[in-house]
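Start at 1 and go down the list; that is how both ligands and their atoms are numbered.
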Amino acid sequence: MSDVVKQQIKDLLLKHNAVLLAHNYMRDEVQEIADITGDSLALSIEASRTDADVIVFCGVHFMAESAAILSPNKKVLLPRPDAGCPMADMVTAEELESLRAKNPGVPVVTYVNSSAEVKAHSDICCTSANALKVVRSLCEDELIFVPDRNLGRWIARFVPEKKFIFWEGFCPTHERMTVAAVLRKKAEHPDALFICHPESAPEVSTLADHVCSTSGMYDYCRTSQATKFIIGTEAGILYKLRLDSPDKEFILASPALFCPNMKLTSLEDVLISLKTLEPVISVPEEIRIKAKAALDRMLAIPRD
Ligand code: 13P
Ligand code: SF4
């Protein structure tokens with residue numbers, strides 16, 4: 001059954017000159033059929049460069065919205081429009097404007113886990129993969145960082161010369177990973193390295209051997225001499241980690257590392273979306289232009 005669905009998806013992708021982008025947290029079977037899998041940065045870059053006519057975005061709403069901002073002439077489909085990101089909903093453009101008004105002249109760095117409206121009120125965007133470079137690219141010695149308090153505080157450790165004004169947003173999935181859960185896994189597997197995402201609570205990140213984006217985890221685990229890793233991010237990451245390094249062992253740091261939104265999209269949803277060419281994600285033009293400026297400024301920063 002699922003092989004039939006996969007073949008139908010492949011045929012429709014071809015028919016519509018469509019590309020299927022999937023975030024690293026998607027269900028295994030969705031990652032398996034994707035043309036490109038990646039972290040938020042890699043998927044944004046792909047969305048800005050692809051010559052496909054249709055982008056099928058398997059991820060959450062803000063990711064498809066970024067693709068629509070970057071590629072206005074393409075049809076961007078989000079098979080599950082109800083796949084949101086609670087962190088992105090934790091700051092509104094009005095709230096950001098009132099913070100700006102209290103801090104005139106202070107630049108705003110906005111994590112891509114945010115709405116198009118919030119991006120439109122920002123100076124520059126960042127992802128977990130480039131946040132440090134983005135912050136270092138600013139000449140000002142003070143900045144507003146929204147919405148993720150944990151990513152912001154993690155980055156701030158490396159730039160003590162800059163003053164951060166944080167927003168108290170967070171990822172509920174990563175914050176469910178407790179110090180007790182991590183210490184338990186470390187005790188069970190004393191020979192394993194602990195790697196976590198910077199959305200984790202600060203007391204968890206300080207326990208880590210390495211803190212990085214989801215794609216950063218692939219690179220780190222593939223090239224590390226170590227053979228055993230405790231993974232502190234959403235469970236979907238395990239699919240490609242195990243595929244990339246079948247001889248290595250990957251243990252999820254906590255059973256709570258499960259993002260319900262990232263797990264919504266099924267193969268059937270992808271198929272329906274390709275059959276109907278809906279739901280289309282679009283952004284009003286005046287918001288899109290301003291949000292694109294913040295994303296473009298981020299994308300102009302060279303990758304490692
Ligand atoms: P990455 O950019 O590291 O893939 O993270 C996106 C995300 O939503 C993490 O929760
Ligand atoms: Fe949002 Fe967290 Fe889910 Fe990522 S894992 S989409 S930040 S709720």
Side-chain angles (χ1 to χ4, degrees), residues 21-27 30-31 34 36-47 57-67 70 78 80-91 109-115 118-119 125-134 145-152 154-155 167-177 195-201 204-205 208 210-221 231-241 252-265 295 298-299 301 303-304:
L21 307 184
H23 186 263
N24 294 327
Y25 294 159
M26 287 284 104
R27 295 183 192 191
V30 173
Q31 293 192 48
I36 314 261
T37 56
D39 62 7
S40 305
L41 181 59
L43 296 177
S44 299
I45 292 171
E46 194 54 39
F57 213 114
C58 295
V60 290
H61 190 270
F62 76 81
M63 296 178 173
E65 214 176 39
S66 292
L70 292 166
L78 180 64
R80 286 295 295 249
D82 50 341
C85 169
M87 185 206 289
D89 298 334
M90 288 180 190
V91 63
V109 178
T110 294
Y111 190 29
V112 288
N113 296 40
S114 53
S115 68
V118 166
K119 288 183 178 80
C125 289
C126 73
T127 75
S128 62
N130 64 11
L132 186 55
K133 278 190 171 183
V134 166
F145 194 97
V146 300
D148 188 2
R149 63 184 179 199
N150 295 331
L151 175 63
W154 177 255
I155 294 306
W167 189 261
E168 293 299 325
F170 61 94
C171 164
T173 299
H174 284 86
E175 284 212 359
R176 281 196 296 273
M177 169 174 47
I195 300 162
C196 79
H197 196 277
E199 288 177 11
S200 311
V204 167
S205 293
H210 191 59
V211 178
C212 58
S213 79
T214 54
S215 289
M217 290 187 189
Y218 297 131
D219 298 339
Y220 185 83
C221 294
I231 301 296
T233 197
E234 211 278 341
I237 189 104
L238 295 172
Y239 170 70
K240 206 153 86 72
L241 278 173
L252 199 63
S254 159
L257 284 164
F258 181 90
C259 173
N261 288 287
M262 284 286 189
K263 290 293 168 286
L264 281 175
T265 312
L295 280 168
M298 168 187 89
L299 292 172
I301 294 176
R303 290 181 90 183
D304 289 328

[X] (side chain) donor-acceptor with [Y] (main chain) under 3.5 angstrom:
{"X": "Arg176", "Y": "Phe258", "answer": "yes"}
{"X": "Glu199", "Y": "His174", "answer": "no"}
{"X": "Asn130", "Y": "Thr127", "answer": "yes"}

Q: Could you tell me which non-hydrogen atom of Pro198 sits nearest to which non-hydrogen atom of Cys212, and how far apart they are?
A: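 Scanning both residues, the minimum pair turns out to be CD-O, 3.3 Å.
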Q. Which atoms form the tightest heavy-atom contact between Ser128 and Tyr111, and what is the distance?
A.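 Closest approach of Ser128 to Tyr111: N-CE1, 3.4 Å.
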Q | Contacts of type side-chain hydrogen bond (donor to acceptor under 3.5 Å, both in side chains), residue Ser66, not counting sequence neighbours | A |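 Scan of Ser66 (side-chain hydrogen bond (donor to acceptor under 3.5 Å, both in side chains), adjacent residues dropped) gives none.
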Q: Only counting residues at least two apart or in another chain, list the ones meeting side-chain hydrogen bond (donor to acceptor under 3.5 Å, both in side chains) with Thr214.
A: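 So Thr214 forms a side-chain hydrogen bond (donor to acceptor under 3.5 Å, both in side chains) with Asn24.
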Q: Could you tell me which residues satisfy salt bridge (charged side-chain N to carboxylate O under 4.0 Å, His left out) with Glu175, sequence neighbours excluded, listed by chain and number?
A: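 Testing Glu175 for salt bridge (charged side-chain N to carboxylate O under 4.0 Å, His left out), a comparison that skips the adjacent residues, returns Arg149.
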Q. After noting the C-alpha distance and the side-chain angles of Tyr25 and Thr233, does the key distance pass the side chain to side chain donor-acceptor pair (under 3.5 Å) rule?
A. CA-CA 9 Å; Tyr25 294 159; Thr233 197; 2.6 Å; yes
Q | atom 10 (O) of ligand 1: nearest protein contact (heavy atom, Å) | A |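 Checked against all protein heavy atoms, atom 10 (O) of ligand 1 sits closest to Glu199 OE1, 2.7 Å.
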Q. For atom 6 (C) of ligand 1, what is the nearest protein heavy atom, given as residue, atom name and distance?
A.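 Ranking protein heavy atoms by distance from atom 6 (C) of ligand 1, first comes Ser40 OG, 3.4 Å.
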Q | Steps toward side chain to side chain contact (heavy atoms under 4.5 Å, CB included) verdict (Ile231, Leu241) | A | CA-CA 10 Å; Ile231 301 296; Leu241 278 173; 3.8 Å; yes
Have a look at ligand 1 and work out which part of [X], if any, has a heavy atom under 4.0 Å from it: side chain, backbone, both or neither.
{"X": "Asn113", "result": "side chain"}
{"X": "Thr214", "result": "both"}
{"X": "Glu234", "result": "neither"}

Q. What's within reach of atom 1 (Fe) of ligand 2, meaning protein N/O/S atoms under 2.8 Å?
A.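 As for protein N, O or S atoms lying under 2.8 Å from atom 1 (Fe) of ligand 2, they are Cys85 SG.
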Q. Looking only at distance, does His197 have an N or O less than 3.5 Å from an N or O of ligand 1?
A.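 Right, the criterion is met.
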Close-contact set for ligand 1 against [X] heavy atoms, below 4.0 Å:
{"X": "His174", "answer": "10 (O)"}
{"X": "Asp39", "answer": "1 (P), 2 (O), 4 (O)"}
{"X": "Ser213", "answer": "3 (O)"}
{"X": "Tyr25", "answer": "7 (C), 9 (C), 10 (O)"}
{"X": "Ser128", "answer": "1 (P), 2 (O), 3 (O)"}

Q | Parallel, tilted or perpendicular: ring planes of Tyr220 versus His210, cut at 30 and 60 degrees | A |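 Because their plane-to-plane angle is under 30°, the rings of Tyr220 and His210 count as parallel.
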Q: Could you go through the side chain to side chain contact (heavy atoms under 4.5 Å, CB included) check for Cys171 and Asn150 one step at a time?
A: CA-CA 9 Å; Cys171 164; Asn150 295 331; over 6 Å; no
Q: Would you check whether His23 reaches within less than 4.0 Å of ligand 1, judged by its heavy atoms?
A: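 Heavy atoms of His23 do come under 4.0 Å of ligand 1.
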